[in-house]
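Start at 1 and go down the list; that is how both ligands and their atoms are numbered. Along the sequence shown, the residues carry numbers beginning at 1.
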Amino acid sequence: MINFLDLHKINVRFENDFQNQFKRFFNSGHYILGPEVERFETGFATYCGTDFCVGTANGLDALTLIFKSYIHLGKLQLNDEVIVPANTYIASILSIINAGLRPVLVEPDLETYNISPEEIIKHINPNTKAILVVHLYGLLADMDAINAIAKSNRLLVIEDAAQAHGALKSSNTIKLSAVEVPNSKIRKAGNLGDAAAFSFYPTKNLGALGDAGAVTTNNPDLAETIKMMRNYGSSKRYVNEVIGVNSRLDELQAAFLNVKLKQLDQDNEIRRTIAKRYLREIKNKKLILPFYSGGNDHVFHLFTVRVSNRIEFEAYLKSHGIGYLIHYPIPPHQQKALSMYNNNNYDITELIHKTIISIPLSPVMTAGDTATIINVLNAY
Ligand SMILES: *Cc1c(COP(=O)(O)O)cnc(C)c1O
């Protein structure tokens, strides 16, 4: 049996460091917003190439706090429209609603599964004030086109980077993997719009041992507002300036993340190596493989294939002991929770949701596992 994802195997690599971190944390007596959170915020901002990083309790809160803070700063008004891909995890859409804004769902590109710039243009009207981009499955969205649209329409661009830690924007002509990039020129997920939200949910490319999230941005006012908002709207103890929430990044999770951040680039490289092998060696007309340019703009959070008879394919994988998951089985607009969208049709989104299936890809799987999966898929 090859598991879809072995989280223990991923984390056991860091067991000694985690135990040392726990001891240090325990002995410090500083359990909320202590030195580890600060160290992570500095380290992750540097990693992303942004001026600021503010830790939050999870990825959904990171997204929601970006929107709430823009409202507080007067950059967004309640009921403003925010364009968001219809083809995403529901968290992206919930953050907009929970902040009091209106999501406008837009179809993706059938090749990349990411939001289509042409479709964005069609949905812009005077109420449109922001675009929430999702780098789905770890592939950067078309940020040049999206930022150009945003600039000419004066829209904010917010990244949902929950699946794309470390994805690097490469130019069309240069393969970044073969070139040394000076630090100041780094354009990574988290530094490709006005603000970005990350999740460190355990299954993500950079995963904690519990819930955790963060916002990155180059905007000092936004960073400061989010820092207040996440801590009861207070920057000075017992002085509350805005209606905030409790969404602090946990000190112990930050300590674990400080250990794992050092390994992120190497893990992403292993993910890409496995993905390249899948793309080279899976040869089956019944399976549509994911789009990949060959660059570092994809960190393969997931390796998805599309298959027309998914029910049959699931049974086939089960009978051959290959773990799988479906990301995602029901599109957000067909969820009961979003009943206001239930009558809308998003044909491309629906097609993707009906046919997509994720096969195992992780930095700790063996070459033997990869070979077995390739053989089983080729024999389908
Ligand atoms: C995981 C995820 C989130 C939410 O992160 P949580 O930490 O679970 O709140 C948001 N958007 C996308 C695309 C995700 O994959």
Purely on distance, is any nitrogen or oxygen of [X] under 3.5 Å from one on ligand 1?
X      : result
Lys204 : yes
Leu63  : no
Asp211 : no
Ser199 : yes
Val134 : no
Thr88  : no

Worksheet, complete the sentence: Quick look: Asp160 vs ligand 1, heavy-atom contacts under 4.0 Å, and the answer is side chain
Worksheet item: Any side-chain heavy-atom pair from Ile124 and Ile120 closer than 4.5 angstrom?
Response: yes
Discussion item. Is there a side-chain contact between Met228 and Glu224 in this structure, where contact means two heavy atoms from C-beta onward sitting under 4.5 Å apart?
Written reply: no
Practice prompt. Quick one: sort the His327 and Phe4 rings into parallel, tilted or perpendicular, breaks at 30° and 60°.
Written response: tilted
Worksheet, complete the sentence: Looking only at protein heavy atoms, what sits closest to atom 8 (O) of ligand 1 is Tyr201 CD1, 3.9 Å
Item to complete: List the closest protein heavy-atom neighbour of atom 10 (C) of ligand 1: residue, atom name, distance to the nearest 0.1 Å.
Response: Ala91 CB, 3.4 Å
Going by the atom numbers of ligand 1, which of them fall below 4.0 Å from some non-hydrogen atom of [X]?
X      : value
Gly59  : 5 (O), 6 (P), 7 (O), 9 (O)
Leu60  : 4 (C), 5 (O), 6 (P), 9 (O)
Ala162 : 2 (C), 3 (C), 10 (C), 11 (N), 12 (C), 14 (C), 15 (O)

Any donor-acceptor N/O pair, [X] side chain to [Y] backbone, under 3.5 Å:
X      : Y      : answer
His123 : Glu119 : yes
Arg187 : Asn191 : yes
Arg230 : Arg248 : no

Item to complete: Applying side chain to side chain contact (heavy atoms under 4.5 Å, CB included), run through Leu209 and Asn11 and close with a yes or a no.
Response: CA-CA 8 Å; Leu209 303 185; Asn11 287 305; 3.5 Å; yes
Worksheet item: Cut-off 3.5 Å, side chains only: do Asp160 and Ser92 have a donor facing an acceptor?
Response: yes
